[in-house]
Enquirer: 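Please find one structure pasted underneath; my questions will follow.
Side chains included, hydrogens not; waters and symmetry mates left out as well; all remaining heavy atoms used. In this chain, numbering begins with 1 at the start of the sequence shown. Just so you know, ligand 1 is whichever comes first in the structure, and atom 1 is the first atom listed for that ligand.
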Amino acid sequence: MAKLTGFLEYTRENPPRRPVIERINDWFEVYREFPTDKLQQQAARCMDCGVPFCHTGCPVNNLIPDWNDSAWKGRWHDAIRQLQSTNNFPEFTGRTCPAPCEAACVLGINETPVTIKAIENAIVERGWEQGFIVPEPPRQRTAKRVAIIGSGPAGLAAAQQLNRAGHLVTVIEKHDRIGGLLRYGIPDFKLEKWVVDRRLEQLRAEGVEFQTGVHAGIDFPADELHKHFDAVLLACGAEHPRDIQIPGRELNGIHFAMDYLTQQNKRGAGDAFSPSEEILATGKHVVIIGGGDTGADCLGTAHRQKARSVRQLQIHPMPPETRAEHTPWPLWPVMLRMEPAHEEGGIREWSALTTHFSGDAEGNVCQLHAVRVGPKPHLEPAPRSEFAIDADLVLVAIGFSGPKRDGIVDQLKLDVDARGNVRTGEDYMTSVPGVFSAGDARRGQSLIVWAIAEGRRAAHHLDKYLMGSTALPC
Ligand SMILES: Cc1cc2nc3c(=O)[nH]c(=O)nc-3n(C[C@H](O)[C@H](O)[C@H](O)COP(=O)(O)OP(=O)(O)OC[C@H]3O[C@@H](n4cnc5c(N)ncnc54)[C@H](O)[C@@H]3O)c2cc1C
Ligand code: SF4
């Protein structure tokens, strides 16, 4: 156990955030580094519970009390070894995870939970600084070839595991850069892209091969995949965006959130766009439809682009500020979530259902019309509650429904479930032998930590399929 009386002596603290006025004028990460003494005090709060419920919340089964103990004692090498034994990329989860482990932490019953996520990030950053994280190429090669379609966290985690098992791994990515939503979804102020590049260097040095700008199903037809590779892992994400089919949807200035966020991430990487392609919030009244993570990312991006005003519409009523009674510990709490982007400004509208858009003579959107509604499932409109908001840019951020249609999933003739996600058995193998699937493509839109967990598990089963047995953890 870290420190017997730690949870009595110290209260929860998070790493400091940069002042709003500073951070909305740049694209750097919001959080500052945790000073070592603070970090160790926070690790000391861990009670090393007999039944560590934090494990039940964590999809990768992180050894949380073990590395809290190591962090408290300053044993950074042990801490990083424990952390990397279950999670290939703690620097991604340490920065962006909503931390289901913290929601399940036992200390959360009558106190604030341990700051598990911040400790994870601090450990992995020390691991890099002190040279503990190095390439780990396999000692022997098996001569088996594996194709991984998609370079998001699921594909990358599987690639690292399978390469370390000795297989020749090729990651095929349709975009011009590797990383999936880590690269083109999540904005720099949550995850600076050098963090992704640093990890990719390790994967390259271990022997993973990357092909960018190759669209499996178009540039690389499905039957060619079968000819060139002994097994295939489909980790192509859930890119099919949910749309809002209401009058006025065809007006100029209404875009899917991902088109907007991808463009800003590309701009941040030095790419340029012509005025006709450009989706920018600068000087505009921006309305974001959707109150989730993606919506919050649009909010932070719009502020940094100097929007005139930003509103975020959520169909649900405002949740309570603390854990709702129907989601007691250790369940994932229904409660008001405040992302750093919400601290930066903008107005949140609750119980708001968009009914239609109106535009000007040139076909540009100029207003969004909405009505207040009761809770789901009926969404009963309240009488005389219609309202209109000025809008020059509308961003649709209401989620995704499975992988893109008419693509590689159809070509490979894979079974899909009712939601359009790739159907697999418990062994992550699809309806086609030798073709596996993991991450958002399989479970629907989810979290980075789930993508990493699925990538690792799929790698375990794929290795077993190729070799008859496996030493990869599941
Ligand atoms: C805007 C946004 C913000 C998010 N923020 C967070 C967050 O803060 N924390 C969190 O935990 N989760 C977050 N998520 C969710 C998280 O990013 C995803 O759950 C995770 O990235 C899924 O990983 P994946 O590897 O399954 O797929 P993806 O990351 O989607 O990667 C799939 C890759 O496959 C490629 N691809 C698709 N089809 C083909 C093809 N035919 N040929 C070649 N390549 C192909 C795509 O180009 C993409 O690069 C966010 C999601 C979005 C959209
Ligand atoms: S549940 Fe919380 S206090 Fe208990 S071991 Fe896990 S992190 Fe530590």
Enquirer: Checking side-chain polar atoms at under 3.5 Å, does Q161 have a donor or acceptor matched by the opposite partner on R164?
Expert: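 The criterion, which ignores hydrogens and geometry beyond distance, is not satisfied for R164 and Q161.
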Enquirer: Report the member of P153, G439, G237, A238 with the shortest heavy-atom distance to atom 23 (O) of ligand 1.
Expert: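 Checking each option, the heavy atom nearest atom 23 (O) of ligand 1 is found in P153.
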Enquirer: Any sub-3.5 Å donor-acceptor pair from H342's side-chain atoms to E339's backbone N or O?
Expert: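 Indeed, once roles are kept as given, a pair shorter than 3.5 Å links the two residues.
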Enquirer: With a 3.5 Å cut-off and no angle check, do the side chains of D415 and T430 form a donor-acceptor pair?
Expert: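 Looking only at side-chain atoms, T430 and D415 do not form any donor-acceptor pair under 3.5 Å.
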Enquirer: Verify the distance criterion only: is there a donor paired with an acceptor across the side chains of T115 and E13 at less than 3.5 Å?
Expert: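 No - no donor-acceptor pair under 3.5 Å links their side chains.
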Enquirer: Could you identify the single nearest non-hydrogen protein atom to atom 38 (N) of ligand 1 and state the distance to 0.1 Å?
Expert: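 For atom 38 (N) of ligand 1, the nearest protein heavy atom is C236 CB, 3.4 Å.
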Enquirer: Which atoms of ligand 1 have any heavy atom of E173 under 4.0 Å away?
Expert: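 Answer for ligand 1: 33 (C), 34 (O), 35 (C), 43 (C), 44 (N), 46 (C), 47 (O), 48 (C), 49 (O).
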Enquirer: Please check: side-chain N/O of S437 versus main-chain N/O of L234, any donor-acceptor pairing under 3.5 Å?
Expert: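 Looks like yes, one N/O pair under 3.5 Å.
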Enquirer: Does a donor on one side chain sit under 3.5 Å from an acceptor on the other, for D271 and Q263?
Expert: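 The answer is no; no qualifying pair exists.
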Enquirer: Which of the atoms in ligand 1, numbered in the order shown and given with their element, are less than 4.0 Å from a heavy-atom of L447?
Expert: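 Listed by number with element, the hits are 10 (C), 11 (O), 12 (N), 19 (O).
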Enquirer: Write out the residue and atom name of the closest protein heavy atom to atom 41 (N) of ligand 1, then the distance separating them to 0.1 Å.
Expert: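 For this ligand atom, the closest protein heavy atom is A216 O, 2.9 Å.
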Enquirer: Pull out every atom of ligand 1 sitting under 4.0 Å from any heavy atom of G180, numbered as shown with elements.
Expert: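 Within the 4.0 Å cut-off of G180, ligand 1 contributes 29 (O), 31 (O), 48 (C), 49 (O).
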Enquirer: Between CZ of R18 and OH of Y31, what distance do you get to the nearest 0.5 Å?
Expert: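 Reported to 0.5 Å precision, the distance equals 12.0 Å.
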Enquirer: Start with the C-alpha gap between E426 and R457, add the side-chain angles, then the distance that decides, and say whether salt bridge (charged side-chain N to carboxylate O under 4.0 Å, His left out) holds.
Expert: CA-CA 10 Å; E426 283 184 6; R457 289 172 201 168; over 6 Å; no
Enquirer: Could you check whether S446 and R443, counting side-chain N and O atoms only, form a donor-acceptor pair closer than 3.5 Å?
Expert: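 Note: R443 and S446 side chains meet the donor-acceptor criterion.
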Enquirer: Got the closest protein heavy atom to atom 36 (N) of ligand 1, with its distance?
Expert: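 Heavy-atom neighbour on the protein nearest atom 36 (N) of ligand 1: K174 CE, 3.8 Å.
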Enquirer: Is it the case that more than 12 heavy atoms not belonging to K193 sit under 6.0 Å from its NZ atom?
Expert: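 Atom NZ in K193 is packed in, count exceeds 12.
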Enquirer: Within the 4.0 Å heavy-atom shell around I186, which atoms of ligand 1 are there?
Expert: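 In order of number, 3 (C), 4 (C), 5 (N), 6 (C).
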Enquirer: Does NZ or CZ of R249 come closer than 6.0 Å to the centre of the six-membered ring of F256, within 45° of the ring's axis?
Expert: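 Yes, R249 and F256 form such a contact.
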Enquirer: For atom 1 (C) of ligand 1, what's the nearest protein heavy-atom neighbour? Residue, atom name and distance, please.
Expert: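 Here the nearest protein heavy atom works out to L261 CD1, 3.4 Å.
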Enquirer: Taking non-hydrogen atoms only, is D297 closer than 4.0 angstrom to ligand 1 via side chain, backbone, both or neither?
Expert: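 Contact part for D297 vs ligand 1: side chain (C-beta onward).
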Enquirer: Looking only at protein heavy atoms, which one is nearest to atom 9 (N) of ligand 1, and how far off is it?
Expert: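 That would be T96 O, 2.9 Å.
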Enquirer: Within less than 4.0 angstrom of ligand 1, does S151 place any heavy atom?
Expert: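 Judged by the 4.0 Å heavy-atom criterion, S151 does count as contacting ligand 1.
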Enquirer: What is the closest protein heavy atom to atom 14 (N) of ligand 1, and at what distance does it sit?
Expert: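 Of the protein heavy atoms, S446 O, 4.2 Å lies nearest.
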Enquirer: Between T294 and ligand 1, does any nitrogen or oxygen pair lie at a separation below 3.5 Å?
Expert: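 No, no N or O pair falls under 3.5 Å.
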Enquirer: For ligand 1, which atoms sit closer than 4.0 Å to a heavy atom of I172?
Expert: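 That gives atoms 43 (C), 44 (N) of ligand 1.
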Enquirer: Name the closest protein heavy atom to atom 11 (O) of ligand 1, giving the residue it belongs to and the distance to 0.1 Å.
Expert: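 So the nearest neighbour among protein heavy atoms is I448 N, 3.0 Å.
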Enquirer: Check each heavy atom of K190 against ligand 1 and say whether those closer than 4.0 Å belong to the side chain, the backbone, both or neither.
Expert: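 Just the side chain.
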Enquirer: Counting from 1, what ligand 1 atoms have a heavy atom of A451 closer than 4.0 Å?
Expert: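 With A451 as reference, the close atoms of ligand 1 come out as 22 (C), 23 (O).
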Enquirer: May I ask you to identify, for V214, whether its side chain, its backbone, both or neither come under 4.0 Å of ligand 1 on a heavy-atom basis?
Expert: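 The part of V214 near ligand 1 is the backbone, not the side chain.
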Enquirer: Under the 3.5 angstrom rule, does the side chain of R12 hit a backbone N or O of P113 as a donor-acceptor pair?
Expert: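 Yes; at least one donor-acceptor contact below 3.5 Å.
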Enquirer: Could you check atom 26 (O) of ligand 1 against the protein and tell me its nearest heavy-atom contact, residue, atom and distance included?
Expert: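 Going by distance alone, atom 26 (O) of ligand 1 is nearest to D440 N, 2.8 Å.
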Enquirer: For the residue pair R199 and F92, would you count it as a cation-pi contact if the rule is NZ or CZ under 6.0 angstrom from the ring centre and within 45 degrees of the ring axis?
Expert: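 No, cation not above the ring by the 6.0 Å, 45° rule.
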Enquirer: Would you say the side chains of Q160 and E206 form a donor-acceptor pair under 3.5 Å?
Expert: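 Looking only at side-chain atoms, E206 and Q160 do form a donor-acceptor pair, the distance falling under 3.5 Å.
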Enquirer: Does CD belonging to E201 count more than 12 external heavy atoms closer than 6.0 Å?
Expert: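 Counting neighbours around CD of E201, 12 or fewer heavy atoms of other residues, nucleotides or ligands fall under 6.0 Å, so no.
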Enquirer: Verify, without hydrogens or angle tests, whether W350 (side chain) and I315 (backbone) share a donor-acceptor contact under 3.5 angstrom.
Expert: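 Such a contact is absent between W350 side chain and I315 backbone.
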Enquirer: Can the positive tip of R23 be found less than 6.0 Å from the middle of the six-membered ring of F28, inside 45° of the ring normal?
Expert: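 Here R23 fails the 6.0 Å and 45° test against F28.
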Enquirer: With heavy atoms under 4.0 Å as the rule, classify the contact between E239 and ligand 1 as side chain, backbone, both or neither.
Expert: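 Side chain only.
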Enquirer: What's within reach of atom 6 (Fe) of ligand 2, meaning protein N/O/S atoms under 2.8 Å?
Expert: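 Within the sphere that stays under 2.8 Å of atom 6 (Fe) of ligand 2, the protein atoms of type N, O or S are C54 SG.
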Enquirer: Looking only at non-hydrogen atoms, which of T262, D293, L181, V409 approaches atom 29 (O) of ligand 1 most closely?
Expert: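 Of the listed residues, L181 has the closest heavy atom.
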Enquirer: What part of I149, side chain from CB on, backbone N/CA/C/O, both or neither, has a heavy atom under 4.0 Å from ligand 1?
Expert: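 Side chain only.
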Enquirer: Can a cation-pi geometry be assigned to K266 and Y184, taking NZ or CZ under 6.0 Å from the six-membered ring centre and within 45° of the ring axis?
Expert: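 Judged by the rule, K266 and Y184 form a cation-pi pair.
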Enquirer: Short list, please: which atoms of ligand 1 are under 4.0 Å from a heavy atom of A235?
Expert: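 It comes down to these atoms of ligand 1: 32 (C), 33 (C), 34 (O).
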Enquirer: Is it true that the side chains of R442 and N421 contain a donor and an acceptor less than 3.5 Å apart?
Expert: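 On atom types as modelled, these side chains do not qualify, holding no pair under 3.5 Å.
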Enquirer: Using a strict 4.0 Å cut-off to heavy atoms of H215, name the atoms of ligand 1 that fall inside it.
Expert: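 Here the atoms of ligand 1 in question are 40 (C), 41 (N), 42 (N).
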Enquirer: Consider every N or O of A154 and every N or O of ligand 1, then say whether any pair is closer than 3.5 Å.
Expert: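 A154 vs ligand 1: N/O contact under 3.5 Å present.
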